[in-house]
Amino acid sequence: MVEKFIVRIAASVRRWTDDLLGVIYPHTCEICGEALLEGEKVICLNCLAKIPRKNFHGQFDSSIAMKFAGMAGVRKIASFFVYNRQGGTAAIIKKAKYANQPQIAYELARIFASELQTGDFFDGIDGIIPIPMHWFKQALRGYNQCEEIAHGISDVTGLPVLDNLITVRPHKTQTRKSADERKSLDSSIFKVIAPEELAGKHVLVVDDVITTGSTISAACNAIIQAQPLATVSILSLAKAH
Ligand SMILES: [Zn+2]
């Protein structure tokens, strides 16, 4: 696929220019700015302990569950922390998305997956599907932060990252949309490639932030409509109130 090739080239260019410009990822905490200690990545342990958590690891989040009412096949939902301006979590997500710092998404996903790994959240899951970005937008950015999250989880769990879901039309990020625009997102913006590969599979769909839940539910609906024998679970780094 030509689009995939362009996205891969753009990702390589991003890494080359980082190398050429001597971009060294900061060894300071992305929330408080203090120097990171040995073993700490992206955020310090002090900030990690203080970030406002969503405490429903491995359980169904009833506040989002309402949005999936009647949607067969959704099993589990987990979000790492609350998306808010006060706790610095909105800033950290924005850096991961817009500031050429995909390693933030990757490392936060590793931290969250390590915590979830101590319970049974990943039991029965066969693969990870990141919310795709339109290929043109991804080529411009040089990465898709949701893919970074997926690879961070994969690094901890060993689960494969699947590329069965693509975006057929560009869609605006949820955090930059009006309430009306958010409601109107439908599953036709996503397309499942090779749906037969997902038959009988339980996939974990991952996103950076769940705001209204419309992006993630459109993606889950697209998967289940294309392959009714698939089941899905959901993971996001952040969840808005
Ligand atoms: Zn800190």
Side-chain angles (χ1 to χ4, degrees), residues 11 14-15 17-19 21-59 61 63-64 77-119 121-122 128 130-131 133 141-159 161 173-176 204 206-213 215-216 234-241:
R14 193 191 69 78
R15 281 192 295 269
T17 45
D18 276 7
D19 287 349
L21 298 171
V23 173
I24 297 165
Y25 291 121
H27 293 290
T28 51
C29 171
E30 294 293 342
I31 292 179
C32 69
E34 292 287 322
L36 291 175
L37 303 174
E38 181 90 35
E40 292 177 340
K41 281 185 173 165
V42 177
I43 53 176
C44 71
L45 286 176
N46 195 24
C47 288
L48 184 62
K50 282 192 289 195
I51 59 173
R53 301 294 185 105
K54 294 294 294 181
N55 281 318
F56 49 85
H57 293 183
Q59 292 164 28
D61 174 12
S63 68
I64 330 181
I77 300 181
S79 294
F80 191 8
F81 48 77
V82 180
Y83 183 81
N84 71 4
R85 275 157 245 292
Q86 294 77 31
T89 57
I92 201 170
I93 289 286
K94 281 182 181 147
K95 275 188 200 171
K97 286 171 84 142
Y98 308 115
N100 193 26
Q101 296 200 57
Q103 81 284 359
I104 294 178
Y106 182 87
E107 293 298 341
L108 289 176
R110 286 193 74 246
I111 296 168
F112 190 32
S114 301
E115 292 185 5
L116 287 176
Q117 185 88 309
T118 62
F121 185 79
F122 295 111
I128 309 162
I131 292 289
M133 199 181 262
R141 188 173 296 181
Y143 63 95
N144 169 3
Q145 68 283 352
C146 296
E147 280 178 14
E148 300 296 323
I149 295 167
H151 286 288
I153 297 166
S154 173
D155 187 38
V156 171
T157 60
L159 292 168
V161 178
T173 179
Q174 289 294 297
T175 46
R176 289 190 171 179
L204 182 65
V206 303
D207 201 356
D208 45 18
V209 189
I210 294 178
T211 45
T212 62
T215 304
I216 200 100
I234 291 167
L235 181 149
S236 73
L237 287 184
K239 160 88 173 66
H241 279 302

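Just follow the structure's listing: the first ligand is 1, and inside any ligand the first atom is 1.
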Check whether any side-chain heavy atom of [X] lies under 4.5 Å from a side-chain heavy atom of [Y], and answer yes or no.
X	Y	value
N84	P52	yes
T89	I93	no
V42	Y106	no
I51	I92	no

Inset, instruction - Pull up every protein N/O/S atom sitting under 2.8 Å from the Zn ion (ligand 1), skipping waters. - result: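 Result, waters dropped: C29 SG, C32 SG, C44 SG, C47 SG.
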
Is atom CD of Q117 surrounded by more than 12 heavy atoms (other residues, nucleotides or ligands) closer than 6.0 Å?
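Enclosed: over 12 neighbouring heavy atoms sit under 6.0 Å from CD of Q117.
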
Sorted by chain and residue number, the side chain to side chain donor-acceptor pair (under 3.5 Å) partners of Y143 (sequence neighbours excluded) come out as none

